[in-house]
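One structure is given below, encoded as structure tokens.
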Amino acid sequence: MRSLIWFRNDLRVTDNATLNAAVKASTEVIPVFILDPAQWSEDRWGHVKTGPFRTQFLLESLADLKADLEDMGGALLIRSGEPAEVLKALADEFGARTVFATAEHTSEELQREAQVAEVLDLRLEEQLTMYHPEDLPFALEQLPDVFTRFRGKMEKRSEVRDPLCEPEAVKVPDGLSSDAAPTMADLRVEAKAPDARGVLPFHGGAKAAWKRLDHYFWETKKLRVYKKTRNGLLGADYSSKFSPWLALGCISPREIHAQVRAFEQDIEKNEDTYWLIFELIWRDYFRYVAMRYGNRIFHKRGIKAESPKWRQDRRVFEAWCEGRTKCDFVNANMRELAATGFMSNRGRQNVASYLVHDLGVDWRLGASWFEHMLLDHDPASNCGNWIYVAGVGNDPRPNRKFNTTGQAERYDADGKYRRHWSHATLELDLQ
């Protein structure tokens with residue numbers, strides 16, 4: 001039996017439940033990644049969904065996945081088009097009727113799954129979270145609305161599964177060879193030159209993900225001080241920076257969890273090592289919020305009954321995007337994002353709060369800009385964090401407004417970060 005493997009945000013061969021299931025169930029497999037034109041279209045706010053930084057990172061990740069599959073005797077087809085049409089054509093060409101894929105949990109991705117399921121036998125594997133959905137100690141409808149309660153229940157009543165080994169081999173039909181990876185020009189995306197001021201020269205792919213983990217855990221042992229340094233702003237090692245690779249599935253949260261436990265056993269176990277797992281639980285939580293509430297995480301009022309009256313002033317919003325506000329701390333963070341596709345977690349909280357609570361702009365504009373710009377965008381984490389800060393998500397406090405001036409004094413007391421990203425500009429009067 002021949003089957004298709006539809007790679008999505010699971011671009012790795014290790015700890016890949018979809019790859020393992022397909023290889024086990026099939027005599028031959030046809031691995032494929034589909035460049036869906038919808039991901040390079042404009043959203044309702046006028047932003048192209050996948051910007052240049054994430055596009056480049058994706059292409060690098062595909063090249064790495066292709067090389068890994070070829071090392072295992074396989075190949076990777078890279079096609080463009082609507083997934084259902086591409087997969088149906090491949091199924092007809094190779095005499096396959098089953099498609100194996102990793103389950104997604106947000107609306108556009110679910111719509112694509114439904115379209116594929118109409119024409120082919122679609123078999124989905126859950127593997128985007130650290131805690132497997134089958135191991136939730138409560139029904140999804142009973143998901144706690146406060147993270148602390150979710151964390152408590154998961155840590156007391158659930159276990160993280162061990163990572164899966166990769167298949168010994170990937171057998172594809174005779175003569176099947178990989179497609180050439182497209183270029184940025186093929187996708188009509190203008191490449192961005194690397195900015196030397198960035199925290200890290202991010203490169204896509206599982207090899208780069210594991211290189212980063214080896215550096216942060218085993219070479220520098222920075223995991224020992226993760227909680228103490230994670231609110232930093234400058235430099236490669238103030239935090240793990242695993243998020244871009246997690247977003248595309250170049251490494252799995254279970255693999256990182258296993259490495260943390262190994263570090264705790266071999267090097268040191270302390271509050272800092274635990275805190276990285278704590279952040280992975282946050283990531284899980286937003287994914288389960290997306291599963292629980294569906295499209296509501298994209299709505300203006302989020303998961304609440306009503307929302308404040310935000311404005312959609314494009315002049316104010318664009319000044320925020322470009323780092324031309326009255327707050328130099330916000331400006332520095334937005335310039336970093338524009339130049340590199342990355343921003344610290346501390347920065348993200350501050351700029352989001354400033355847009356919503358200081359400028360009074362609809363949070364959905366900010367979420368759309370982040371989707372376009374961020375290397376590590378995924379819809380559950382992006383919108384989950386935005387509705388949290390905007391006060392229409394899972395925050396138990398009604399108005400989580402950051403004092404950006406106070407935050408700058410606390411986290412950038414010497415002004416080094418702001419100077420690092422400063423440039424001459426005229427500030428707009430945004431009041």
Side-chain angles (χ1 to χ4, degrees), residues 8-21 101-106 109 124-140 142-144 146-166 206 209-210 212-214 216-217 223 226-227 230 239-265 269-293 297 345 376-385 388 394:
R8 303 169 83 186
N9 293 314
D10 53 353
L11 305 184
R12 63 182 184 273
V13 296
T14 59
D15 192 34
N16 192 318
T18 300
L19 177 63
N20 276 275
T102 297
E104 289 279 355
H105 308 108
T106 42
E109 291 75 16
L124 297 172
E125 297 287 335
E126 292 281 2
Q127 59 173 352
L128 293 180
T129 52
M130 183 172 68
Y131 288 106
H132 196 283
E134 292 178 359
D135 299 334
L136 284 175
F138 45 76
L140 184 61
Q142 297 174 333
L143 179 75
V146 176
F147 168 73
T148 303
R149 290 202 290 269
F150 170 80
R151 176 173 63 93
K153 290 178 181 291
M154 298 307 294
E155 290 180 332
K156 290 179 182 178
R157 299 165 56 189
S158 187
E159 296 288 338
V160 178
R161 299 184 182 185
D162 292 332
L164 300 172
C165 296
E166 64 186 64
W210 281 97
R212 175 61 188 169
L213 188 146
D214 288 341
Y216 191 75
F217 282 23
L223 180 58
Y226 171 74
K227 186 182 179 186
R230 66 191 178 89
S239 65
S240 71
K241 299 181 177 66
F242 296 148
S243 57
W245 293 286
L246 280 167
L248 284 181
C250 301
I251 193 170
S252 78
R254 293 193 304 194
E255 288 177 311
I256 296 175
H257 176 272
Q259 289 291 306
V260 172
R261 293 307 190 203
F263 186 95
E264 290 177 332
Q265 181 174 345
K269 180 178 181 179
N270 59 24
E271 187 179 27
D272 295 85
T273 59
Y274 163 73
W275 212 258
L276 187 57
I277 294 175
F278 174 91
E279 297 294 354
L280 290 173
I281 300 173
W282 258 116
R283 183 177 179 274
D284 267 20
Y285 184 54
F286 285 134
R287 176 69 57 170
Y288 285 116
V289 168
M291 294 169 67
R292 166 70 177 84
Y293 290 100
I297 67 169
N345 181 62
D376 58 4
H377 170 266
D378 83 68
S381 291
N382 187 39
C383 285
N385 275 294
Y388 186 91
N394 299 86

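Note that the coordinates shown come from a computational prediction; the quantities given were computed from them, not determined experimentally.
Note: Phe150 and Phe138 have perpendicular aromatic rings, judged against thresholds of 30 and 60 degrees for the angle between ring planes.
Contact check for Phe286 versus Asn385: side-chain heavy atoms found under the 4.5 Å cut-off. In this structure the side chain of Leu280 reaches within 4.5 angstrom of the side chain of Leu246, judged on heavy atoms. With a 4.5 Å cut-off on side-chain heavy atoms, Glu134 and Arg161 count as touching. Proximity of His105 to Glu126: side-chain heavy atoms (C-beta onward) are separated by under 4.5 Å at one or more points. At least one side-chain heavy atom of Pro133 sits less than 4.5 Å from a side-chain heavy atom of Tyr288.
With sequence neighbours excluded, the residues satisfying side chain to side chain donor-acceptor pair (under 3.5 Å) with Gln259 are Trp218. Every residue meeting the side chain to side chain contact (heavy atoms under 4.5 Å, CB included) condition with Glu109, not counting sequence neighbours, appears here in chain and number order: Arg8, Glu104, Thr106, Pro379. Partners of Glu155 by salt bridge (charged side-chain N to carboxylate O under 4.0 Å, His left out), not counting sequence neighbours, listed by chain and number: Arg151. Residues satisfying the side chain to side chain donor-acceptor pair (under 3.5 Å) criterion with Tyr388, sequence neighbours excluded, are Arg400. Taking the side chain to side chain contact (heavy atoms under 4.5 Å, CB included) definition, one finds that Asn20 meets it with Leu164, Pro167, sequence neighbours left out. Qualifying ring-ring contact (aromatic ring centres under 6.0 Å, His included) partners for Tyr226, counting only residues two or more places apart in sequence or in other chains: none. Listed by chain and number, the residues in a side chain to side chain donor-acceptor pair (under 3.5 Å) with Glu159 amount to none (sequence neighbours excluded). Glu271 meets the side chain to side chain contact (heavy atoms under 4.5 Å, CB included) test with Lys227, Trp275; sequence neighbours excluded. Glu255 is linked by a side chain to side chain contact (heavy atoms under 4.5 Å, CB included) to Arg12, Thr14, Asp15, Pro163, Trp210, Ile251, Ser252, counting only residues two or more places apart in sequence or in another chain. For Glu264, the side chain to side chain donor-acceptor pair (under 3.5 Å) criterion is met by Arg261, Thr273, not counting sequence neighbours. Annotation: ring-ring contact (aromatic ring centres under 6.0 Å, His included) contacts of Phe242 (sequence neighbours excluded): Phe217. Listed by chain and residue number, nothing satisfies the ring-ring contact (aromatic ring centres under 6.0 Å, His included) test with Tyr293 (two or more places apart in sequence, or in another chain).
Arg157 places a side-chain N or O within 3.5 Å of a backbone atom of Pro137 that can act as its donor or acceptor partner. Remark: side-chain polar atoms of Asn345 are not paired, donor with acceptor, to backbone N or O of Arg230 under 3.5 angstrom. Judged by distance alone, the side chain of Gln127 and the main-chain N or O of Ala17 form a donor-acceptor pair under 3.5 Å. Between the side chain of Asp135 and the main chain of Ser158, no donor-acceptor pair closer than 3.5 Å is present.
Contact record, Ala247 with Asp376: CB-O, 3.5 Å, taken as the closest heavy-atom pair. Summarising the geometry of Ala103 relative to Leu124, their closest heavy-atom pair is CB-CB, 4.0 Å, with the distance given to 0.1 Å. A pairwise comparison of heavy atoms in Trp245 and Arg212 identifies CZ3-CG, 3.7 Å as the closest pair. Looking at every heavy atom in both residues, Leu128 comes nearest to Arg283 through O-NH1, 3.2 Å. When all heavy atoms are compared, the tightest approach of Cys250 to Ala206 is O-CB, 3.3 Å.
Atom NZ of Lys241 is surrounded by more than 12 heavy atoms from other residues, nucleotides or ligands within 6.0 Å. Within a 6.0 Å sphere centred on CG of Asp214, heavy atoms belonging to other residues, nucleotides or ligands number more than 12.
Note that SG of Cys165 is 13.0 Å distant from CG of Asn16, once rounded to the nearest 0.5 Å. One distance of note links CD1 of Ile277 with CG of Asp284; it measures 11.5 Å at 0.5 Å rounding. Taken from CG in Leu143 to CG in Leu136, the straight-line distance is 7.5 Å, to the nearest 0.5 Å. Between the CD1 atom in Ile256 and the CD atom in Glu279 there is a gap of 12.0 Å [rounded to 0.5 Å]. To the nearest 0.5 Å, atom CG of residue Leu248 and atom NE2 of residue His377 are 11.0 Å apart. Between the CZ atom in Phe263 and the CG atom in Asp272 there is a gap of 9.5 Å [rounded to 0.5 Å].
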